[in-house]
Amino acid sequence: MSFVSEFNSLPLESLVKRSQSAGIQAVRESMAKTKLSLADFAHLISPAGGELLEHMGRRSHAATQQRFGKVIRMFAPLYLSNECVNNCKYCGFSRDNPILRVTLSLEEVQREAGAIKAQGFRNILLVAGEHPKFVSKDYLKDCIAVLHADWPGISLEVGPMETADYRPLVAAGADGLVVYQETYDHKVYADMHTAGPKRNFNWRLETPERGYAAGFRRLGISPLYGLADWRFEAISVAAHADYLLRNCWKAQLTISLPRLRPCAGEFQPLTRMSDRDLAQLVCAFRLMFPDVGLVLSTREPAKLRDGLLPLGITMMSAGSHTEPGGYTGAGREKLHQTVRGRIVELGASEWATVGRASSRAESGDREKNGGSSVASPHQNHATAVTGQFQIADERSSQEVADLIRRLGYEPVWKDWDAALTA
Ligand code: SF4
């Protein structure tokens with residue numbers, strides 16, 4: 001049995017209704033419990049629960065400090081490729097978007113990783129679109145292998161694979177697997193994913209279990225808030241987390257909290273989740289799952305991230321680029337478009353002008369920096385290659401680390417648990 005059969009038997013609609021109609025007393029009773037059910041979680045994220053947000057925030061803050069101490073784990077994404085065979089309406093990398101694309105060579109991956117390491121990070125998330133030709137299993141294995149010695153924590157956010165295909169990646173040194181379901185609503189999922197293997201909802205839903213069977217010991221899950229009703233998504237991912245805690249119990253589990261950001265294609269969120277809703281959800285996750293890591297990325301603006309941090313966040317990205325080569329300009333000279341899986345050179349098209357102008361800007365930057373190929377966090381290495389989405393917190397990693405210290409927390413750059421169990 002997998003989570004698919006459990007998910008299909010969940011009374012999700014009645015849990016959402018229960019959440020919408022819960023009274024203050026029901027919320028108080030659920031908050032008083034030491035072990036919460038899905039129905040209790042539905043109460044915590046209810047409109048009535050929103051009226052108790054300050055109280056819930058104090059409880060959540062205390063629970064987080066008790067389990068995690070005053071520590072925030074830092075990580076940075078490294079985008080390997082923006083090639084993709086899928087069409088996801090909300091994503092700039094969708095195959096039909098006429099964007100500039102590139103897949104970094106191993107040497108370029110090392111260059112990007114060097115720039116990230118120079119900022120202090122020792123925990124990296126390798127991200128790529130889903131494209132078996134450009135982002136093959138062997139390519140991923142080789143990327144991990146060249147980074148392994150320098151990186152005690154390597155996680156992947158790439159197209160879902162079979163267990164047997166994950167095993168060589170674990171053997172090469174990857175220890176974490178992140179897969180967003182995007183939406184747990186079947187109908188919205190079908191509408192958002194118009195072409196490519198990602199259309200298979202159940203295959204994606206079972207990915208964390210396949211990853212666990214292959215040996216990944218850190219699993220990350222989440223919906224992408226802004227596609228379906230946020231309470232429906234939150235109850236669904238809570239059910240998913242509960243299942244994984246029972247069935248993949250040797251793994252450390254994280255839940256991310258991504259809200260949709262603008263991207264190429266100009267997709268607008270279909271549903272609204274306010275900042276206050278997001279804060280309430282952080283608290284509800286913490287009270288439901290005291291030991292689960294909560295991840296907040298640079299999708300959210302600086303001020304909001306600073307405010308959410310003490311409520312229950314345990315892991316943050318900083319100084320992020322969501323385009324391949326974003327930290328150093330690596331791969332810029334190879335930019336192209338991809339049509340039906342074939343590379344189309346830029347030639348004399350309007351795209352070439354953009355690429356060349358960008359290359360000139362980059363070489364100018366290098367000259368000003370003494371020819372160094374390692375990016376400083378403050379350096380503008382904007383490439384013409386398109387990012388997956390726009391980030392909202394544009395502070396450097398050092399600025400974020402300073403802020404974390406000012407809030408009384410310690411930024412931790414290395415995942416010691418992973419290093420010790422490796
Ligand atoms: S969300 Fe992922 S699978 Fe979909 S288009 Fe973007 S990179 Fe490709």
Side-chain angles (χ1 to χ4, degrees), residues 77-104 125-137 139-140 143 155-162 165 177-186 188-208 210-211 220-228 233 237 256-270 295 297-299 317 320-326 331 335-341 383 385-391:
L78 193 171
Y79 278 70
L80 305 172
S81 171
N82 61 352
E83 301 279 2
C84 197
V85 293
N86 293 305
N87 266 340
C88 307
K89 285 185 182 172
Y90 49 83
C91 177
F93 291 174
S94 284
R95 78 177 189 201
D96 288 347
N97 280 350
I99 60 167
L100 294 178
R101 300 183 190 264
V102 70
T103 301
L104 301 183
L125 175 67
L126 303 183
V127 187
E130 183 170 354
H131 203 303
K133 181 172 158 189
F134 298 104
V135 188
S136 68
K137 294 172 266 185
Y139 168 77
L140 288 172
C143 287
S155 295
L156 304 179
E157 188 178 342
V158 298
M161 297 180 186
E162 296 281 3
D165 294 331
L177 183 67
V178 174
V179 58
Y180 292 171
Q181 185 61 25
E182 319 291 16
T183 174
Y184 287 85
D185 183 312
H186 279 280
V188 177
Y189 190 95
D191 189 39
M192 288 297 106
H193 303 104
T194 56
K198 194 168 173 179
R199 285 180 59 74
N200 189 334
F201 180 100
N202 287 348
W203 165 254
R204 193 168 185 85
L205 196 59
E206 291 172 331
T207 305
R210 292 195 305 276
I221 57 171
S222 179
L224 183 55
Y225 295 99
L227 298 177
E233 302 285 28
V237 76
S256 302
L257 298 132
R259 288 192 294 184
L260 259 172
R261 291 286 304 151
C263 68
E266 297 179 355
F267 182 84
Q268 292 299 317
L270 304 176
V295 184
S297 79
T298 52
R299 285 173 181 267
S317 53
S320 302
H321 283 275
T322 69
E323 70 278 24
L335 296 181
H336 58 265
Q337 285 188 277
T338 303
V339 179
R340 294 183 188 281
T383 65
V385 67
T386 307
Q388 190 177 29
F389 55 85
Q390 293 169 19
I391 63 167

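The basis for the numbers below is simple: all heavy atoms, side chains too, and nothing from hydrogens, waters or symmetry mates. Just so it is clear, the model here is predicted, and its values are computed rather than measured. Whatever order the structure lists ligands and atoms in, that order sets their numbers, starting from 1.
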Give the atoms of ligand 1, by number and element, whose distance to some non-hydrogen atom of K198 is under 4.0 Å. 1 (S), 2 (Fe), 3 (S), 4 (Fe)
Rounded to the nearest 0.5 Å, what separation is found between the CD atom of Q337 and the CG atom of N97? 10.5 Å
N82 (side chain) donor-acceptor with V102 (main chain) under 3.5 angstrom: yes
Under 4.0 Å from any heavy atom of C91, which atoms of ligand 1 are there? 1 (S), 5 (S), 6 (Fe), 7 (S)
A student checking ligand 1 against N86 at a 4.0 Å heavy-atom cut-off should list atoms 3 (S), 5 (S)
For atom 5 (S) of ligand 1, which of the options C88, P197, G92 provides the nearest non-hydrogen atom? C88
Run the side chain to side chain donor-acceptor pair (under 3.5 Å) test against R210 and tell me which residues pass, sequence neighbours left out. T207
Any sub-3.5 Å donor-acceptor pair from R204's side-chain atoms to R199's backbone N or O? no
Heteroatom test (N, O or S) for C84 near atom 8 (Fe) of ligand 1, limit 2.8 Å: yes
Could you list which atoms of ligand 1 come closer than 4.0 Å to a heavy atom of S94? 5 (S)
Value for CG (N202) from OH (Y189), rounded to nearest 0.5 Å, stands at 9.0 Å
Provide the number and element of each atom of ligand 1 under 4.0 Å from a heavy atom of G129. 7 (S)
Counting only N and O atoms by type, is there a donor-acceptor contact under 3.5 Å from the side chain of K89 to the main-chain atoms of D191? yes
